[in-house]
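Down below is the structure, laid out as C-alpha cells.
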Amino acid sequence: MTLAVESIAPLRGRDDESIIYGLDIGGTKIEIGVFTHELQLLDSWRTPTPTSSYSEFIQTIGNLVIEANSRYANNAIIGIGMPGIIDKSGLVKSANVPCATGKNINADLNNILKCNISIGNDCRLFALSESVGGAGDGYKRVYGAIIGTGAAGGFCLDGQLYNGRSGFAGEYGHLPVSAFLIDKYNLPLKTCGCGLTACYEAYVSGPGLGWIYQHFGAQTPDTFHFVQQLNAGDEIATAAFKCYMDLLGASFTSLILSYDPDVIVVGGGVSKITQVIESLPYYINKHLFSGVECPPIKKAKYGDSSGVRGAAILRKQLSDN
Ligand SMILES: [Zn+2]
C-alpha cells in the first residue's frame with residue numbers, strides 16, 4: 001500500500017519541467033496528455049472544442065492546463081498541436097477551428113498561463129511522434145503521412161521536424177492530380193477545401209475514398225460499407241479500390257521524389273483498411289521511374305494518441321536544446 005502512495009504523491013505539486021503536457025486541438029475535441037520527460041503517458045482526458053468564441057476557446061485550453069497542474073505539476077512545459085498552418089510566432093493562418101484563424105494562440109495563452117508554449121501543425125506532429133519512438137524509430141529520414149479527414153504529413157530528419165520556411169513542408173495532399181489519372185478514370189475536377197482545383201486530398205482522403213466509391217456506381221459514400229463490399233469481392237468496390245490506390249500511389253510518389261525518405265509511416269482512418277497498407281508499395285512503384293524503389297511503408301505505432309505525444313515531443317525538444 002505504501003508503494004502505491006509513493007508512486008503517485010511525488011508527481012503532485014511538482015514545480016519543475018519534468019512533466020510535459022501535450023494538447024491536441026481538433027475540430028470537435030481538445031485532448032490533453034500528461035507525459036514524463038521520458039515520454040511515458042501518465043494520464044489523458046478530453047473536452048469539447050469551442051469553435052465560435054475565441055475567448056472561450058482560449059479559456060478552455062487554459063482550464064485543461066490548470067486542471068492538469070492541480071493533479072500533476074505546478075510548472076509543466078506545454079506543447080500544442082492543431083490543424084492549419086501555424087507560423088513561427090504562433091499565428092494561426094488557417095484552421096478548422098474557425099474562431100482561431102488569424103489569432104496568435106501562443107501569445108494569448110501566455111497571458112493566461114505565463115509560460116512558453118510550442119505550437120505545431122497536428123500532421124507534422126504525427127510525423128514527429130512516429131519518428132521518435134514510433135514506427136519510424138531507428139530510421140534517419142522519416143515521412144509521416146495521415147490519410148483521414150484530410151491528406152497531409154510531415155518530414156523528420158534525425159528525429160527533428162523539418163518545417164521549411166513557412167511551416168507547410170509535407171502538405172502532399174495539395175498537389176494536383178496528374179492529367180493522366182484524371183483522364184484514365186474520367187474524374188470530375190473537384191474543388192479542394194484549400195481553394196485549389198483537383199488536389200489529391202479531394203480524392204485520397206477518407207471522404208475522397210467515399211466519393212470515388214460513389215463515382216464507380218455505389219449508392220453510398222460510406223467507407224465502412226465500401227470495406228465490407230471490398231472484402232466480399234464486390235465488382236464496384238474492387239474497381240473503386242484500384243482507382244483510389246492508383247491516385248494514392250501517385251500522391252505518395254510526389255513526396256518520395258521530394259523527400260526521398262528511408263521509411264513512410266501511415267496513420268489516419270484510411271490506414272486501418274488492411275488492403276490499403278498492403279498494396280500501397282505496388283501502387284507507388286507503378287508511378288516511380290525505373291531504378292527507384294519505394295521505401296518501406298509502415299503502419300503508425302501511436303495512432304490516435306500521436307497528436308498529444310507529438311506536441312509533447314515538440315516542447316521537450318525545445319527544452320532539451
Ligand atoms: Zn487543396
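As the structure is a computational prediction, the values presented were derived from the model and not from experiment. Whatever order the structure lists ligands and atoms in, that order sets their numbers, starting from 1. Note that these values count all heavy atoms, side chains included, but never hydrogens, waters or copies made by symmetry.
- Salt bridge present: Glu171 and Arg124 bring a charged side-chain N and a carboxylate O closer than 4.0 Å.
- Asp108 has no carboxylate O lying under 4.0 Å from a charged side-chain N of Lys103, or vice versa, which leaves the two without a salt bridge.
- Judged as a salt bridge (charged side-chain N to carboxylate O under 4.0 Å, His left out), and not counting sequence neighbours, the contacts of Lys286 are Asp246.
- Around the Zn ion (ligand 1), protein N, O or S atoms at less than 2.8 Å comprise His174 ND1, Cys192 SG, Cys194 SG, Cys199 SG.
- Atom CD1 of Ile212 sits about 9.0 Å away from atom OH of Tyr185, to the nearest 0.5 Å.
- Between the side chain of Lys316 and the backbone N or O of His37, at least one donor-acceptor pair lies under 3.5 Å.
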Check your understanding: Step by step, would you call Phe35 with Ile313 a side-chain contact (heavy atoms from CB on, under 4.5 Å)?
Key -> CA-CA 10 Å; Phe35 292 85; Ile313 295 170; over 6 Å; no
